[in-house]
Participant: 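Once you've had a glance at the structure underneath, I'll fire off some questions.
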There are 2 protein chains.
Amino acid sequence: MIPVDTFDLKILSALQDDGRLTNQELADLAGLSASQCSRRRMRLEEEKVIAGYHADLSSEALGFGVIAFIQVGLATHSPDNSKRFRTLVNRIDEIQEAYSLTGDADYVLKAVLRDLKGLSNLVNDVLMPHQSVAHVRSSIVLDRLKESSKLPLKDLKAG
Amino acid sequence: MIPVDTFDLKILSALQDDGRLTNQELADLAGLSASQCSRRRMRLEEEKVIAGYHADLSSEALGFGVIAFIQVGLATHSPDNSKRFRTLVNRIDEIQEAYSLTGDADYVLKAVLRDLKGLSNLVNDVLMPHQSVAHVRSSIVLDRLKESSKLPLKDLKAG
DNA sequence: TGAGACGCGCAAGGAGCGTGCAAACGACAC
DNA sequence: GTGTCGTTTGCACGCTCCTTGCGCGTCTCA
């Protein structure tokens, strides 16, 4: 865990909201000079506290109409089989997130697709037939209440 | 759905990977001049195809050790009760994503927490006692295979 | 008390940004 | 074929923004 003070937290929080903030804008928000913000930002990038910057694209504007959560059970739990499944998941760009979980299913995937045909294709033609997979259950997202990847920095005390 | 050509797709794809790319770098990647990339980027921002830019922070480096998926069933399905629940969800920064789904549960939440105590607090002291909530089941993430919010732009034909 | 380390703001040189402008291109009508 | 209009492009220029060097103030510890 990397030491981070109140200034860093302000900078991180601001960049989480707007990743293209100017050093001067950052300076105004954090109560520092622009040069100092530049230096701190560079340090946070080098330490990989800031992992990267990404544009957030509108799925609606680009015609991705379906989001689905897919629960997957593996055929066997051998290391080889897990590895096969992970390779498969990595290859599929429609899968944005993939986790192994405690509880019923072995894995949960979150996928973004143009339409239900795309989901059907993913589930029935790609996942189901794969040798590593035993069963699949998908749930379609009806409504998005919230969708971000912001960390709750306010939970942090400056260290 | 907004018209987007091959140049736009290259720009969007590049900015999805690195949101702080320079117009000149964008120009090299897309095969255009820097000024033209600037103009196109501004257009895409105005049209809200680009919804924003965000720094991606390392949860490990910042000491967030627990990710959990929480399935929630509402007490009743009245509009009032849904609204109460949505307000609750919006207030809680630890909840990054929240969706209503087809299938068993009414809602799925994804939460990021410092430790299991934080999860226990969220589930037992915040969600469970809330009047809108009937039952809660949480699954802890054991492993992250993939975690991004990149759209599969290669699925798109330039229009 | 003094020396070293650290973090700060300022200033300057260089890089990047966006607007104006004229040329190139494509579509369409005649 | 040819003329016209609208769109898109690259280039140039003025302006903003970025980063690095420098000197100053503060804190720590011997």
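Throughout, protein chains are lettered first and strands after them, A, B, ... in sequence-line order, and every chain is numbered starting at 1.
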Participant: Could you walk me through whether B/Lys150 and A/Gln96 satisfy the side chain to side chain contact (heavy atoms under 4.5 Å, CB included) test, starting with their C-alpha distance in whole Å, then the side-chain angles of each, then the deciding distance to 0.1 Å, before giving a yes or no?
Facilitator: CA-CA 7 Å; B/Lys150 283 195 242 172; A/Gln96 286 187 334; 5.7 Å; no

Participant: If you group Ile, Leu, Val, Met, Phe, Trp and Tyr by side-chain heavy-atom gaps below 4.5 Å, do A/Leu21 and A/Leu9 land in one group?
Facilitator: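 As far as the 4.5 Å side-chain criterion goes, A/Leu9 and A/Leu21 are connected within one cluster.
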
Participant: Does any non-hydrogen side-chain atom of B/Asp8 lie less than 4.5 Å from one of B/Arg43?
Facilitator: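 Of all side-chain heavy-atom pairs linking B/Asp8 with B/Arg43, at least one is under 4.5 Å.
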
Participant: Using heavy atoms and a sub-4.0 Å distance, could you list which residues of residues 28-49 of chain A are near DNA chain C? By number, please.
Facilitator: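 Those residues are A/Leu32, A/Ser33, A/Ser35, A/Gln36, A/Arg39, A/Arg40.
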
Participant: Take B/Lys146 and A/Tyr99 through the side chain to side chain contact (heavy atoms under 4.5 Å, CB included) test and state the conclusion after the steps.
Facilitator: CA-CA 7 Å; B/Lys146 211 177 195 182; A/Tyr99 309 92; over 6 Å; no

Participant: For the pair A/Leu101 and B/Val141, evaluate side chain to side chain contact (heavy atoms under 4.5 Å, CB included) and give the outcome as yes or no after the intermediate values.
Facilitator: CA-CA 5 Å; A/Leu101 291 185; B/Val141 167; 3.5 Å; yes

Participant: Quickly work out the B/Leu26 CG to D/dG10 P distance and round it to whole Å.
Facilitator: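 Roughly 13 Å, once rounded to whole Å.
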
Participant: Determine whether B/Gln16 and A/His54 make a side-chain contact, defined as any pair of heavy atoms from C-beta on separated by less than 4.5 Å.
Facilitator: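 Sidechains of A/His54 and B/Gln16: no contact.
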
Participant: Listed in order of residue number, which residues of residues 12-22 of chain A have a non-hydrogen atom at under 4.0 Å from DNA chain D?
Facilitator: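 Here the set is A/Thr22.
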
Participant: What donor-acceptor contacts under 3.5 angstrom involve side-chain atoms of residues 117-128 of chain B, with partners at least two apart or in another chain?
Facilitator:
from	atom 1	to	atom 2	distance (Å)
B/Ser120	OG	B/Asn124	ND2	3.3
B/Asn124	ND2	B/Ser120	O	3.3

Participant: Please list each protein N or O that sits under 3.5 Å from an N or O in nucleotides 23-27 of chain D, with the distance.
Facilitator:
none

Participant: Working note: B/Asn23 + B/Ser35, criterion side chain to side chain contact (heavy atoms under 4.5 Å, CB included); need CA distance, chi angles, decisive distance, verdict.
Facilitator: CA-CA 7 Å; B/Asn23 286 329; B/Ser35 56; over 6 Å; no

Participant: Write down the atom of A/Ser100, the atom of A/Tyr107, and the distance for their closest heavy-atom approach.
Facilitator: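 Closest approach of A/Ser100 to A/Tyr107: CB-CE2, 3.5 Å.
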
Participant: Determine, using the 4.5 Å side-chain heavy-atom cutoff (strictly less than), whether B/Val89 and B/Val112 are members of one ILVMFWY cluster.
Facilitator: no

Participant: Would you list the atom pairs, donor with acceptor, under 3.5 Å between side chains in residues 59-77 of chain B and any protein atom, with sequence neighbours excluded?
Facilitator:
from	atom 1	to	atom 2	distance (Å)
B/Ser59	OG	B/Arg144	NH2	3.3
B/Glu60	OE1	B/Ser58	OG	3.4
B/Glu60	OE2	B/Arg144	NH2	2.4
B/Gln71	OE1	B/Arg137	NE	3.4
B/Gln71	OE1	B/Arg137	NH2	2.8
B/Thr76	OG1	B/Ser78	OG	3.3
B/His77	NE2	B/Asp106	OD1	3.0
B/His77	NE2	B/Asp106	OD2	3.2

Participant: Looking at side-chain heavy atoms only, is the closest gap between B/Tyr53 and B/Leu15 below 4.5 Å?
Facilitator: yes

Participant: Quickly work out the A/Gln24 CD to C/dG9 P distance and round it to whole Å.
Facilitator: 11 Å

Participant: Bend angle of the helix from C/dT1-D/dA30 to C/dC30-D/dG1 from five-pair axes at both ends, rounded to 10°?
Facilitator: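 Inter-axis angle at the ends, rounded: 30°.
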
Participant: Treat each ILVMFWY residue as a node, draw an edge where side-chain heavy atoms are under 4.5 Å apart, and state whether A/Leu142 and A/Val108 are in one component.
Facilitator: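 Per the 4.5 Å side-chain linkage, A/Leu142 and A/Val108 are not co-clustered.
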
Participant: From CG of A/Asp5 over to P of C/dG7, roughly how many Å is that when rounded to an integer?
Facilitator: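 Rounded to whole Å, this separation is 9 Å.
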
